[in-house]
Structures are given as structure tokens and as C-alpha cells.
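One structure below.
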Amino acid sequence: MIRHTYTSIVRNSIRQIWRKKAFWVIQGVLSLAPLLISVIVYLVDPDTPVAPGVSAPGIFTLSLNYLVLPFLVAPAILDDFGKVGEILWSGPLDNLVYFAGRFSGLWLALAAGSLVQLTAWFLASLVWLNLLTEWVWLLSLAIYLLANTLGLSLVFLLAVLFRRSLPLMLTWAALWVGMFYSVSFRPGLAEEFSPMISMAFSNIFFDNLSLSPSLGLGLVRGQVLGMFAWFFGVSLVALSLALLLTARLDERRSTRLGWLPATLVGAALLLAAGGYAVNAGAIAAHAVPVSPQDVQVDAWQVQRQHTVVQVDARSGRIAGEAQMVFAPVEEIEQQEIVLRLNAGLELTALSGESGEALDVQRVGDSVVIQLPAASPAPITLGLSWAGRLQFPYTAFEQEWRWHDAPGDYGYRSMPQALYGLVQPNGGFLLRDGDWMPWVWTTGPHLAGENTLEIRPRGGQAVASTPLKDGAAVWQGTLPE
């Protein structure tokens with residue numbers, strides 16, 4: 001009986017949406033956007049087809065989907081809160097069954113519209129220079145389905161609170177304008193780039209989502225998963241609150257298990273808290289590390305280095321040992337030397353020339369080593385480090401994203417260069433990276449005498465020198 005009632009509500013909800021011409025007109029208008037853009041640009045310059053760059057398809061029109069969503073589903077929801085007329089015959093209808101059936105039906109109807117839009121984006125991609133992989137299309141579909149879930153849940157909650165179309169639409173429009181202004185419009189107006197990390201808890205449009213052709217989500221994988229968990233948790237909180245309020249405000253339907261709505265609210269809050277924790281953890285893990293107040297730029301030079309680094313591509317772990325000789329270029333005021341070392345790597349061992357232990361302190365992107373005495377003589381340090389490379393999301397190049405980019409400047413938003421990346425599906429190590437400790441310098445990471453050995457495992461490696469016995473060894477001048 002419950003299953004039959006649920007199925008009937010689902011089918012009725014789908015029919016209510018699909019029978020409206022406005023639904024298909026809106027889907028058609030949103031689907032024409034990528035096709036028109038592609039055709040216009042192709043006619044203007046056939047040699048430069050439209051290229052989506054590193055953005056997932058469909059993100060461009062996602063904000064419009066949020067805007068029109070209540071106009072599509074609110075009438076079907078509000079019909080159930082209208083005045084009660086003459087009742088000829090009725091049967092018991094559980095509130096939870098009604099909510100589940102109504103939400104499922106409307107969600108499936110919206111999912112069909114999302115597939116229509118993504119189909120249009122796929123047709124438009126046929127004139128793009130770089131065709132996208134199946135993985136990218138699945139990501140776009142997941143984002144659309146998440147947006148439908150979040151939007152539909154919020155409309156349900158507003159419908160229960162207001163029970164009238166006008167206040168619901170006005171409230172939704174105000175919310176949309178506020179979100180669009182803070183997430184998309186204001187950064188563009190200020191002519192500045194705002195990565196997703198700066199709006200991770202409010203960026204429902206996934207604005208500035210960047211992908212890598214070879215690494216997929218790459219550095220932002222944790223952030224995207226955190227945003228998915230957070231927004232899905234918020235969706236369940238809104239929907240469970242609507243269910244709880246309906247049980248209190250609408251006496252026409254009752255819930256057989258009276259404790260269930262409150263339990264669902266509690267479970268949804270726990271899930272939202274988990275999503276918040278995942279999102280906050282991703283932000284903290286990829287925050288821009290601070291630097292010491294005095295990094296001693298060009299105050300030291302490396303006279304000699306003998307370094308051995310092991311790289312595990314499967315786990316992304318790096319471990320290294322080095323014997324380095326440092327000489328001061330200028331008078332050192334404090335008895336310390338500052339070495340830059342990636343924030344994800346830990347200095348596991350440190351010793352002086354005679355083997356004595358030295359005090360060391362991690363300060364953001366550097367380690368500060370206390371020296372026995374401030375002396376103009378060279379010092380020898382034995383260093384060991386291990387860990388996984390950690391980079392802020394802003395550590396990769398971001399080109400100007402707006403049509404009014406000042407052509408004479410070609411602005412970039414790249415506070416830190418990415419000189420090393422180790423992931424299971426690919427990576428690289430460049431000479432001047434912070435994957436090994438080095439003094440702060442404006443020049444290349446070259447010592448007077450260099451011996452560098454890198455031992456890769458867990459994947460196929462290519463180096464500027466032939467690998468012998470699974471290791472690449474450089475002596476003398478190191479390539480960039």
C-alpha cells in the first residue's frame with residue numbers, strides 16, 4: 001500500500017511538471033545558450049573554436065537554473081497547501097510518504113531538464129577545439145543534480161513557511177541576488193580573481209571551478225568533495241525541517257512514526273556538520289602558508305649539496321636526505337638560517353657538522369634552524385625530510401576570466417609557482433621547487449658543487465638524464 005501510494009505521487013508530480021509548456025520553453029532557452037555562443041564565435045573566427053578551457057560544461061548557466069527553479073516546482077508544491085474543499089472520499093496518507101513521493105517526482109522531472117541542457121552543451125562541444133572526456137561530463141551532471149537537490153529542498157522549506165507564491169518568489173529572488181552578487185558579480189566588478197576556497201560554504205554556482213585536462217580536479221579534489229558534502233547536508237537539513245514543520249502546521253496529514261521527523265532533522269544536522277568539517281579541513285589543508293618575518297633572501301649561498309630523494313608516485317610521498325654546506329653572503333644578525341620547505345613536508349632529522357642536534361622551528365612555508373653561533377665561516381648541515389607535497393589552490397596559473405581583461409597587462413593570479421606535484425596519475429619535480437630544503441634566493445637552486453639523485457617508484461618516470469638501476473643522478477649543473 002505504501003509503495004503504491006509513493007509511486008502514484010511520484011508519477012503525478014512528474015506529470016504536473018512535464019505537462020507545463022513553460023518547463024520545456026525554459027529548458028529550451030537554457031539549452032540554446034551554448035549552441036548560440038559556439039555558432040557565433042565560430043562564424044566570427046572559424047580558426048579559433050570555442051574552448052571551455054578548464055571549466056566544467058554547464059557551469060555558465062547553472063546560476064540561471066537556480067533562478068527559475070521555484071517557478072517550475074513551487075506551484076506543484078503549493079497546490080497541496082491550498083484551501084480544503086468538499087471531500088467525497090479520502091484515505092490515510094502518511095506525511096513522510098507524501099514528502100518522499102512529491103520530492104522524488106519533482107527531482108526526477110528536473111533531472112530530465114538537466115540532461116536536456118547537458119545534451120546541448122555536448123552538441124556545442126563538437127565545435128570546440130578540445131573535446132572533453134566522459135569524466136568531465138559526469139562531473140557536470142553531478143553538479144546539476146546537486147543543484148537540483150539543494151534548490152528543491154529550499155523551495156520546499158519556503159513553501160511550508162509562506163504557503164503563498166508571492167512571498168516565496170520574492171524571498172527566493174532576494175536570496176538569489178545576494179548569492180549571485182557575492183559569488184559571481186562582486187569579484188568581477190572589483191576585477192579580481194576569487195578562487196573557490198574563498199567562498200567554499202556559499203559558492204552554490206561552483207564559480208571558478210578549474211579542471212586539469214590530465215589530472216581532472218587535481219588540487220581542488222578535496223575542496224569539491226567537501227563542497228558536495230556540505231551542500232548535500234544543507235539540502236537534507238532544509239528538507240527535514242520542512243517535513244518537521246508540516247507535521248506541526250498541517251493537520252491534514254500525520255506521520256505514523258511521530259519521532260521520525262525530529263530524528264531525520266538530527267541526522268541531517270550531523271551530515272551537514274560532517275560536510276562542514278570536510279570542507280573546513282580541505283580549506284585548512286590548502287591554505288596559503290605564512291612565511292617568516294625575515295626569510296633572509298639572498299643572505300646565504302649553497303656551496304655544496306649531496307641529495308638523495310625517494311618519490312613514491314602511488315602514495316604521493318617524498319622522503320629525502322641531504323648533506324649541504326651553506327656560506328653567508330652577508331653579515332647574519334641572528335644565529336639562525338631560514339630554509340624554504342613545503343608545508344606538507346616534515347624535517348625528520350637535523351644535525352650539525354659534528355653530529356650535534358640543532359633546534360628547528362616550522363614557520364609556515366619555511367623551517368628556521370638555530371645555529372650554535374653567528375659566524376662568517378661556512379656551516380654543514382645534515383637534513384632529512386618526508387611527507388606529501390601540500391599546495392594552496394591558488395598555486396597554479398589562473399588566467400583573467402572576464403571579457404574586459406586589460407590586454408596590455410595580461411593579469412595573472414599566481415601568488416606561488418607550482419614547481420612540484422606528485423599524484424598517482426601524474427606529477428613532476430622541477431629544480432627550483434620547495435620539495436627539498438633550500439635557502440630563500442632570487443636565483444636558481446644551484447650549489448657550487450651538485451650531486452642529486454632521485455629514486456622514483458610506483459610509476460613510470462622520465463628524466464633529463466637516463467635512469468640507471470631505477471635512479472636518475474645529476475652531477476655538476478642541474479637542469480631546470
Side-chain angles (χ1 to χ4, degrees), residues 59 62-63 65-66 69-70 95-96 99-100 102-104 106-107 110 139 141-161 171-172 174-176 178-180 182-184 194-209 217 219-249 255 257-289 343-344 388 390-394:
I59 300 298
L62 186 62
S63 59
N65 277 273
Y66 277 109
L69 190 144
N95 197 34
L96 181 59
F99 251 79
R102 179 64 81 182
F103 182 88
S104 300
L106 296 178
W107 189 89
L110 293 175
L139 174 64
L141 178 60
I143 291 176
Y144 264 73
L145 296 181
L146 177 65
N148 292 341
T149 304
L150 177 60
L152 186 57
S153 300
L154 293 175
V155 172
F156 258 96
L157 180 58
L158 293 177
V160 171
L161 292 175
T171 302
W172 185 268
L175 290 173
W176 186 89
M179 296 295 293
F180 185 80
S182 61
V183 172
S184 301
S194 295
M196 287 203 308
I197 189 173
S198 63
M199 299 170 291
F201 296 104
S202 60
N203 189 0
I204 60 175
F205 308 129
F206 284 85
D207 194 60
N208 286 336
L209 170 63
L217 287 173
L219 296 178
V220 300
R221 180 181 291 109
Q223 186 66 70
V224 171
L225 294 178
M227 293 174 67
F228 266 72
W230 164 245
F231 290 134
F232 185 68
V234 172
S235 303
L236 293 186
V237 169
L239 189 61
S240 58
L241 282 176
L243 175 63
L244 181 63
L245 292 174
T246 302
R248 300 293 187 270
L249 302 177
T255 303
L257 303 177
W259 52 267
L260 188 57
T263 303
L264 292 177
V265 172
L269 288 173
L270 289 177
L271 182 60
Y276 183 94
V278 171
N279 213 358
I283 293 174
H286 295 276
V288 178
R388 294 177 177 84
Q390 175 181 312
F391 291 100
Y393 294 134
T394 53

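- The side-chain hydrogen bond (donor to acceptor under 3.5 Å, both in side chains) search around Ser104 returns Tyr6, not counting sequence neighbours.
- Going from atom OG1 of Thr263 over to atom CG of Leu244 covers 10.0 Å, rounded to the nearest 0.5 Å.
- Taking all atoms of both residues into account, the shortest heavy-atom contact from Ala343 to Gln390 is CB-NE2, 4.2 Å.
- A heavy-atom distance below 4.5 Å is found between the side chains of Leu110 and Leu69.
- Atom CZ of Phe205 and atom CD1 of Ile59 lie 11.0 Å apart (nearest 0.5 Å).
- No donor-acceptor pair under 3.5 Å is formed between the side chain of Trp230 and the backbone N or O of Ala280.
- Under the side chain to side chain contact (heavy atoms under 4.5 Å, CB included) criterion, Leu264 pairs with Leu96, Ser240, Leu243, Leu260, not counting sequence neighbours.
- Annotation: Phe228 is in aromatic contact with Phe206 [ring centroid separation under 6.0 Å].
- Taking each heavy atom of Phe99 and Phe156 in turn, the nearest pair found is CE2-CD2, 3.5 Å.
- Remark: Leu239 CG to Thr149 OG1 distance equals 9.5 Å, nearest 0.5 Å.
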Inset, instruction - I would like to know whether Leu157 and Leu245 meet side chain to side chain contact (heavy atoms under 4.5 Å, CB included); could you show each step before the answer? - result: CA-CA 9 Å; Leu157 180 58; Leu245 292 174; 4.0 Å; yes

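- In plain terms, the two heavy atoms of Phe103 and Ser153 that are nearest each other are CE1-OG, 3.6 Å.
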Inset, instruction - Applying side chain to side chain contact (heavy atoms under 4.5 Å, CB included), run through Leu150 and Val234 and close with a yes or a no. - result: CA-CA 7 Å; Leu150 177 60; Val234 172; 4.0 Å; yes

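- With sequence neighbours excluded, the residues forming a side chain to side chain contact (heavy atoms under 4.5 Å, CB included) with Leu145 are Trp107, Ala111, Leu141, Asn148, listed by chain and number.
- Annotation: side chain to side chain contact (heavy atoms under 4.5 Å, CB included) contacts of Thr171 (sequence neighbours excluded): Leu158, Phe162, Leu175.
- In this structure Val237 satisfies the side chain to side chain contact (heavy atoms under 4.5 Å, CB included) test together with Leu241, Ala268, Leu269, Ala272, sequence neighbours excluded.
- Evaluation of the ring-ring contact (aromatic ring centres under 6.0 Å, His included) rule for Phe232 yields no partner, not counting sequence neighbours.
- The nearest pair of heavy atoms linking Tyr66 to Trp172 is O-NE1, 2.8 Å.
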